[in-house]
2 protein chains.
Amino acid sequence: MGRSEIISKRDEILDASEAMIRQLGFNGFSTRDVAEAVGIKAASVHYHFPTKADIGVAVTERYTHRFLHDLGDPAAFDGDVKKVISRYVASFRHALVRDEKLCLCAVLGAEIGSLPKDVGSTARVFFERNIEWLKVAFTACRLTDAKARSQANHLLSSLEGAMIISKTMADDSVFESVAKTLSRLADL
Amino acid sequence: MGRSEIISKRDEILDASEAMIRQLGFNGFSTRDVAEAVGIKAASVHYHFPTKADIGVAVTERYTHRFLHDLGDPAAFDGDVKKVISRYVASFRHALVRDEKLCLCAVLGAEIGSLPKDVGSTARVFFERNIEWLKVAFTACRLTDAKARSQANHLLSSLEGAMIISKTMADDSVFESVAKTLSRLADL
DNA sequence: GTCTATAATTTGATAGAC
DNA sequence: GTCTATCAAATTATAGAC
């Protein structure tokens with residue numbers, strides 16, 4: 001027996017919900033779908049999370065925390081821009097290729113107008129923290145603040161867009177093409 | 001009196017639906033919402049489009065046709081990469097800043113897993129045609145096929161991603177930052 | 001913590017009158 | 001082409017038993 005049995009029902013709900021948001025969008029599944037996925041009834045899901053918005057917020061906060069944690073220390077790349085980019089690209093590739101899913105917050109951003117307000121602002125925090133991470137990382141590579149900011153915006157935007165286009169076209173080579181372009185740009 | 005009165009109800013339905021998809025996602029509105037927006041009843045919407053999927057397909061095909069038409073001839077840029085980029089960026093800026101909305105197909109791509117199949121494949125065609133347009137444009141600038149392809153993927157991805165992040169952060173300066181970066185890269 | 005039962009609303013869609 | 005009326009199903013959420 002593995003360790004999977006010690007995962008709490010609450011975490012199972014978050015796992016199933018995250019997978020569904022990333023594949024179907026926040027409006028593309030119901031609390032009943034989540035309940036079925038984790039083997040309980042919808043009423044029990046509402047015991048753990050009173051509203052669907054509460055699920056959205058909890059999923060997004062956990063996703064953001066995990067993503068930033070996995071990225072590690074932004075100042076630990078020996079002042080090497082190529083290492084920063086390669087580390088950052090790897091995190092997105094992981095989401096697309098290993099998980100076979102989009103970035104949670106890109107999906108939420110795409111339907112921002114129909115999201116509960118707190119879910120939308122939690123998604124916004126993901127982007128803010130990512131840009132901050134990249135700015136710190138590039139600043140540690142001795143880029144000016146202006147260059148660090150524009151590089152951060154560019155890197156984040158390119159990867160989020162590449163994931164959506166790759167998924168829609170069912171062709172991960174688009175992502176890899178963009179990843180390669182981003183690496184090459186670091187040589188300049 | 002302007003010309004707006006000669007717009008058919010069918011077109012009004014497409015206009016309202018496009019706006020709603022781009023703001024709320026395909027699963028973020030109902031045919032009743034569309035009906036109210038155009039001043040008829042839901043049953044009448046279903047007279048023009050039997051199913052919601054039919055609306056999605058029609059909206060996406062019209063959007064793609066209009067977008068490509070507005071881009072014009074991809075071979076008409078005097079072999080100048082900067083002109084190609086500036087023209088292409090302008091079309092996305094138009095969508096984000098003038099319409100104050102996301103790209104229809106980026107939104108659809110984000111919820112691809114919960115879309116009716118034909119809607120998803122119509123969105124895919126939008127990306128295919130855009131990449132083709134860019135490849136033709138860059139090839140006319142004497143880039144190799146490989147460079148034209150990677151530039152096309154990169155440009156499309158960056159702009160789609162930048163739009164989603166700008167909207168989510170309620171800050172168009174992210175888009176403009178990416179636009180500037182893309183222009184600068186053309187100088188290399 | 002999970003269940004049954006149920007409420008209140010919304011949704012996509014159809015039948016048939018005008 | 002648009003309406004009223006209606007339907008069956010789905011949705012979010014709650015009350016209360018176990």
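As the structure is a prediction and not an experimental result, all values here were calculated from the model. So you know, we letter chains A, B, ... as the sequences are listed, proteins then strands, and number each from 1.
- Distance Lys41(A) NZ to dG16(D) C1': 18 Å, rounded to the nearest Å.
- Atom NZ of Lys180(B) has 12 or fewer heavy atoms from other residues, nucleotides or ligands within 6.0 Å.
- Between Phe175(A) and Ile165(A) there is no side-chain heavy-atom pair separated by less than 4.5 Å.
- Every residue two or more places apart in sequence or in another chain that forms a side chain to side chain donor-acceptor pair (under 3.5 Å) with Arg124(A) is listed here: Glu128(A).
- The interatomic distance linking Phe26(B) (CZ) with dT11(C) (C1') rounds to 13 Å, in whole Å.
- When the side-chain nitrogen and oxygen atoms of Ser44(A) are compared with OP1 and OP2 of dC3(C), one or more of them lie within a distance under 4.0 Å.
- Straight-line distance from the CG atom of Asn27(A) to the C1' atom of dT9(C): 16 Å, rounded to whole Å.
- The distance between the ring centers of Phe77(A) and Tyr88(A) does not fall below 6.0 angstrom.
- Annotation: the span from Glu18(B) atom CD to Leu14(B) atom CG amounts to 8.5 Å, rounded to 0.5 Å.
- Going from atom CD1 of Ile55(A) over to atom C1' of dT12(D) covers 10 Å, rounded to whole Å.
- If you take CD of Glu36(A) and C1' of dC3(C), they are 15 Å apart, rounded to a whole angstrom.
- Nearest nucleotide to the side chain of Ala43(A), out of dT14(C), dA5(C), dT11(D): dA5(C).
- At the heavy-atom level, Ser30(B) lies under 4.0 Å from the strands shown only through sugar-phosphate atoms.
- In this entry the distance linking CZ of Arg32(A) with C1' of dA7(C) reads 12 Å, nearest Å.
- Note that SG of Cys105(A) is 5.5 Å distant from CZ of Phe127(A), once rounded to the nearest 0.5 Å.
- With contacts defined as side-chain heavy-atom distances shorter than 4.5 Å, the pair Lys9(A)/Ile40(A) qualifies.
- Ile40(B) places its CD1 atom 21 Å from the P atom of dC18(C), with the value rounded to the nearest Å.
- Shown for residues 45-53 of chain B: residues whose heavy atoms fall under 4.0 angstrom of DNA chain D, namely Tyr47(B), His48(B).
- As rounded to whole Å, 12 Å separates atom C1' of dG12(C) from atom CG of Asp33(B).
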